[in-house]
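For clarity, every value in this text was computed on a predicted model and none was experimentally measured.
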Amino acid sequence: MKIKLMLSAALLATLIGPAVLARQAQPQPQLRPQAATRPAPRPAPASLPGAALLPGTQALLDGYVRDGKMPGAVGAFGVGPLPTLFVQSGRLGDEATAAAAGPDSLWRVYSMTKPITGLAAMLLVEDGKLKLDQPISDFIPAFRNMRVLTGPDSLASRPAARPITVRHLVTHTAGLGYNIITKGPLLKEYERLGILPGQVSATVETQARQVRPRSLQEFATRVASLPLIADPGTKWSYSIGLDVMGAVIEKASGMSFETFLQRRLFTPLNMRSSYWTVPQSEVGRFATNYVFAGDKRVPVDPAATSAWLQDPSFPYGGAGLVMSARDYDRFLHMLQEGGTLDGVRVANPETIRTMMSDLLPAGVKFGGIGGMTGGTEGMAMMGFGAGGSVYLADAPGGFSKGTYGWGGAAGTIAFVDPARRVRGTVMVNYMPADRYPLRTELARALASDAARFMR
């Protein structure tokens, strides 16, 4: 009864809003459900207590699997110190031999890597090795004399009004571009110089490696050679800022970016299923990623031949990690608890509060990002912290001021409401991220579960 009451008062009522938090800003037209070309995988056996306490959410995932919209999915929801509730359905791929989806299955989280990189930067601020408003040229001199495009149709440029700072990198206000949204001559230069910090499939990766830098430092130096799209600190624009941040973290910490994350976050938080490279021994629990060609779901990165089975050119701080729902939940749980989990402190409470506060430069607004990026919908009450969006006030639907989160390009969702000590993660792998209205329907399912406890 105690668990039911706490779920009613805290978890389910407050999950309704954060589920909407991860909605795309630019929803795709509604398409017909995919016609199954093979027998739909059976939902995995329901595991307690998640399936029993969240029956509407369980039914939602089961329906997606039954209708052939996705092979499988896993949700992880938590409130306060109570055990995480896992809801799971289906398998990790369309093939009959694919393993059942579960809390320890591995998924490409893409841009849900960004909050982890954001916290890494904040840990160095806590250590006194970085300052939020410190020029990154103190660590990478190539950024000392940046220039800004004077128009979108050429590479003509002028001197930047101010230097790029750590704050600018973690909030996407540095004036940097991104190959997934940049256009025109600047995009061609990004492609020519291999400024492509991410991977999609083994085939695409073979081509990208021919031009991509082979280290974070070389990557950052190449980025610094190109003009910005706007003066630093004047515009929010989705960017490679968190990837460049990885290079700054290396310089400030004196160790490789991946080593820093392992020592300061993954090991102390007991996150044992977070990989830049998926070991061959773990392929059996790795999901296949799919892309939609019309109504047909096609494997774009099969687990058995995935690009993630070989080391990346360098660790992509903006989109590089493969993780389990259990691991990402542990990361969010630590944020929820102000930097401590299971008696282990990885950050001071003030560091976590700062990370999940609005860090945008004065006068800059977060306008939202959508489509295939996995980002969140912007609105007047939303700002941006270190690597993720944050609500600036309590909002309709139950989520409270300070709710922080981000999503991934393959459909993953993550949020944490520190005020009510609530968190949630959803793992799927298909592109585009908004192919189906999973986020909106999740909100309705959680509302249904909440109503069940209120009867």
Would you call the rings of [X] and [Y] parallel, tilted or perpendicular, where under 30° means parallel and over 60° means perpendicular?
X: W236; Y: Y238; result: parallel
X: Y436; Y: Y64; result: perpendicular
X: F366; Y: W406; result: tilted
X: H172; Y: F384; result: perpendicular

Ring centroid separation F260 to F257 under 6.0 Å:
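Aromatic pair excluded; centres sit 6.0 Å or further apart.
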
To check you understand the geometry: which heavy-atom pair defines the closest contact between N289 and Y430, and what is its length?
OD1-N, 3.3 Å

Taking all non-hydrogen atoms of both residues into account, name the closest pair between L169 and A174 and its distance.
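So the minimum-distance heavy-atom pair works out to CD2-CB, 4.0 Å.
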
Counting neighbours of CZ on R214 that are heavy atoms of other residues, nucleotides or ligands and sit closer than 6.0 Å, is the number greater than 12?
no

Between atom CG of L176 and atom CG of D243, what is the distance when rounded to the nearest 0.5 Å?
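Rounded to the nearest 0.5 Å, the CG-CG separation comes out at 9.5 Å.
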
Side chain of T288, backbone of A303: donor and acceptor closer than 3.5 Å?
yes

Residues K401 and D394 bridged, charged N to O under 4.0 Å
no

Working note: R423 + D329, criterion salt bridge (Lys or Arg N to Asp or Glu O under 4.0 Å); need CA distance, chi angles, decisive distance, verdict.
CA-CA 8 Å; R423 63 191 185 276; D329 174 71; 2.6 Å; yes

